[in-house]
*Asks:* 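This is the structure, below, for whatever I ask next.
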Amino acid sequence: MKKAPTKPMLWKLLLLGTILGVSGTVALIDTPAQRKSQSARIDPSIEEMLKQARGLQKVGRWEAAADLLTQIANDGHPTALYHLGRAYKNGWGVEADLDQARLIFLEAVKYAFAYRGETAYELGRLFQRSTGEHCAEIALQWFQKALAWDYPKAHVQLAKHFERGIGTDRDLDLAFHHYEKAAIAGYPSSTINYARILLTGRYGSTPDPVKARFWAAKAIEGLERKARDGSASSAKTLGRIYRDGEFLHADRTQAKTWFLRSAELGDAGAMHDLGHLLLSGGKTSEAPEGLKWLRLGAKAKHGGALTSLARLHLKSEYGLDPMEAVDLLERSVAVGHPGAMEELARLYATGTFLSQDRSKAIELAQKGADRGHIGCKNLLKDLMQADQPNVTAIERSPLNPDDQKEG
């Protein structure tokens, strides 16, 4: 017998959305009036159903798993809520819906249960991808909560926030602290970022090549192990190392191999990077495949892929229609990509493909500048200095693939 669709079973969670939709900070406020964290109920039958759902996911029966998780989650079980939130985030058996995922995670995180730290981490990642006011600060707070609830992967994101000044003031001492903790905890993608800073002396820090090579060797060893075990993220990072010749000799063939492995495992960032690699190789025969991977990344709502495609449209590369760039940029802005904010702001400022709107241009440039994007900062400066829209001052700068490493 055919199972009923999953979405109608979510009436409790949809009702929850009207309650929690006001702010993501509700669960972060510790006051006497706040409801105390609940403990997960231990019910053997529920635990068995959870095992069944996880087993279904492992064999690719995503819809059946989502149906089962929804049944348990509607009864308020936090572990089911956590796994259902991940299903909505990733489109596992249900249509991907980041807003629904966030609401589910916000309910789950109220409980003191085994995945509470992971749930806080997932909320931080979702708020990183949001464009609302103070989302970067809220994301930072969730990562701090995740760390307080014994989820060491939070060190990875906290290092980025303090390194780049996202949602807080830049603090290199704190950034380095979190990078080292992430390295010790065994997160090689973060460790390689730390090695880069040590090697180059970025942000005015003192270069330490010996320490950089030590951590890079540890990171590459860990990345190779995890990539061979099926980690898409690790394979993507290896592709970038070989592409850029960091700590290893540059090797385009190896880069392509690792990017392809990651992309085939579903990593949208790798789809973006692979598309760029193929399009920049100078081989006409590789262009169709490069465009294919960029489009797949864009379909997966990867901001870098959406923006890269939009830039190709704007330049009429490969016969692409410039008029389609606006839709791609708007979709990229919706997922928080600052490069798209700069490009769309320029179109509003110059009245290209859109009605000229200097206020909208300033708003977009400000959003990108708040995320530390240099292009948005420079554009915002030009816009604010001009008494009237000054097309000359904000004329498009030479296009650089400045988002090659994003994702």
Side-chain angles (χ1 to χ4, degrees), residues 60 62 89-98 129 189 223 227-228 230-245 250-344 347 353 398-407:
W62 299 105
K89 188 190 81 168
N90 298 301
W92 294 342
V94 293
E95 185 177 348
D97 187 332
L98 300 185
R129 298 173 65 177
S189 295
L223 288 167
R228 290 193 175 95
S231 169
S233 176
S234 296
K236 175 180 64 181
T237 303
L238 279 172
R240 291 173 175 175
I241 291 171
Y242 278 107
R243 178 194 66 194
D244 300 334
D251 188 326
R252 186 177 185 274
T253 301
Q254 285 279 14
K256 181 180 176 181
T257 297
W258 288 115
F259 281 146
L260 183 59
R261 178 174 296 193
S262 179
E264 288 177 340
L265 288 168
D267 190 290
M271 296 174 193
H272 165 255
D273 288 350
L274 179 58
H276 255 299
L277 186 73
L278 294 169
L279 291 174
S280 64
K283 296 182 180 180
T284 305
S285 61
E286 290 185 333
E289 187 182 0
L291 287 172
K292 179 194 80 171
W293 284 112
L294 276 186
R295 287 173 175 141
L296 286 170
K299 185 178 179 180
K301 300 182 181 180
H302 183 267
L306 286 161
T307 303
S308 294
L309 266 181
R311 286 170 173 160
L312 292 174
H313 277 276
L314 287 171
K315 296 194 300 179
S316 299
E317 292 277 353
Y318 310 107
L320 298 175
D321 184 357
M323 295 294 292
E324 295 180 16
V326 172
D327 175 66
L328 290 165
L329 290 173
E330 287 176 341
R331 287 160 57 194
S332 186
V333 167
V335 297
H337 192 267
M341 295 171 191
E342 179 193 359
E343 298 293 348
L344 193 58
L347 297 185
F353 307 129
L399 291 173
N400 295 313
D402 60 354
D403 55 352
Q404 263 191 340
K405 298 181 183 179
E406 296 194 20

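Remember, it's a predicted structure, so these values are computed and weren't measured experimentally. Computation of the quantities below employed the complete heavy-atom set of this structure, encompassing side-chain atoms and omitting hydrogens, waters and symmetry-equivalent molecules.
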*Asks:* Looking at side-chain heavy atoms only, is the closest gap between Leu278 and Lys256 below 4.5 Å?
*Replies:* yes

*Asks:* How far apart are the C-alpha atoms of Thr257 and Leu238, what are their side-chain angles, what is the distance that settles it, and do they pass the side chain to side chain contact (heavy atoms under 4.5 Å, CB included) test?
*Replies:* CA-CA 10 Å; Thr257 297; Leu238 279 172; over 6 Å; no

*Asks:* Determine the minimum heavy-atom distance between Ser189 and Thr237, stating which atoms define it.
*Replies:* OG-OG1, 3.2 Å

*Asks:* On a heavy-atom basis, which atom in Arg261 and which in Ala227 lie closest, and how many Å separate them?
*Replies:* NH1-O, 3.9 Å

*Asks:* Which pair of non-hydrogen atoms, one from Gly230 and one from Leu265, has the smallest distance, and what is that distance?
*Replies:* O-CD1, 3.6 Å

*Asks:* What's the separation between atom CG in Leu306 and atom CD in Glu343, rounded to the nearest 0.5 Å?
*Replies:*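 If we round to the nearest 0.5 Å, Leu306:CG and Glu343:CD are 13.0 Å apart.
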
*Asks:* Is there a donor-acceptor pair closer than 3.5 Å between any side-chain N or O of His337 and the backbone N or O of Ser332?
*Replies:* no

*Asks:* Any chance NZ of Lys299 has more than 12 other-residue heavy atoms, nucleotides or ligands included, within less than 6.0 Å?
*Replies:* no

*Asks:* Any non-hydrogen side-chain atom of Leu279 less than 4.5 Å from a side-chain atom of Tyr318?
*Replies:*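 SC-SC contact between Leu279 and Tyr318 confirmed.
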
*Asks:* Below 4.5 Å, heavy atoms only, C-beta onward: do Lys236 and Arg240 meet side chain to side chain?
*Replies:*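 Result yes, sub-4.5 Å side-chain heavy-atom pair found.
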
*Asks:* Considering all heavy atoms of both residues, which atom of Thr284 and which atom of Pro288 are nearest to each other, and what is their separation?
*Replies:*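 Result for this residue pair: O-CD, 3.6 Å.
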
*Asks:* Drop me the distance from Ser308's OG to Glu317's CD, to the nearest 0.5 angstrom.
*Replies:*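 So the OG of Ser308 and the CD of Glu317 are separated by 12.0 Å.
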
*Asks:* Below 4.5 Å, heavy atoms only, C-beta onward: do Leu312 and Leu294 meet side chain to side chain?
*Replies:*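 Sidechains of Leu294 and Leu312: in contact.
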
*Asks:* Can you tell me which residue among Leu329, Val333, Leu328 is in a side chain to side chain contact (heavy atoms under 4.5 Å, CB included) with Arg331?
*Replies:*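 The residue from Leu329, Val333, Leu328 that satisfies side chain to side chain contact (heavy atoms under 4.5 Å, CB included) with Arg331 turns out to be Leu328.
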
*Asks:* Considering all heavy atoms of both residues, which atom of Ala298 and which atom of Leu309 are nearest to each other, and what is their separation?
*Replies:* CB-CD1, 3.8 Å

*Asks:* Could you tell me whether a side-chain N or O of Asn90 sits under 3.5 Å from a main-chain N or O of Trp92, the two making a donor and an acceptor?
*Replies:* no

*Asks:* Testing the basics here: between Arg243 and Leu277, what is the closest heavy-atom pair and its distance to 0.1 Å?
*Replies:* CG-CD1, 4.1 Å

*Asks:* Indicate yes or no for a side-chain donor-acceptor contact from Ser262 to the backbone of Phe259 under 3.5 Å, with no hydrogens or angles considered.
*Replies:*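 No; judged by distance alone, with no hydrogens or angles, the pair does not exist.
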
*Asks:* Quick one: does Arg295's side chain have a donor or acceptor within less than 3.5 Å of a partner on Ala305's backbone?
*Replies:* no

*Asks:* Between the main-chain N or O of Gly319 and the side-chain N or O of Ser316, is there a donor-acceptor pair closer than 3.5 Å?
*Replies:* no

*Asks:* Taking side chain as C-beta onward, heavy atoms only, is Leu314 less than 4.5 Å from Phe353?
*Replies:* yes

*Asks:* If you measure from OG1 on Thr307 to CG on Leu344, what distance do you get to the nearest 0.5 Å?
*Replies:*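 Here the rounded value is 10.0 Å.
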
*Asks:* Check step by step if side chain to side chain contact (heavy atoms under 4.5 Å, CB included) holds for Met271 and His302.
*Replies:* CA-CA 9 Å; Met271 296 174 193; His302 183 267; over 6 Å; no

*Asks:* Can you sort out the partners of Lys301 under side-chain contact (heavy atoms from CB on, under 4.5 Å), two or more places apart, ordered by chain and number?
*Replies:* Val335

*Asks:* Measuring only between side-chain heavy atoms, which start at C-beta, is Trp258 closer than 4.5 Å to Ile241?
*Replies:* no

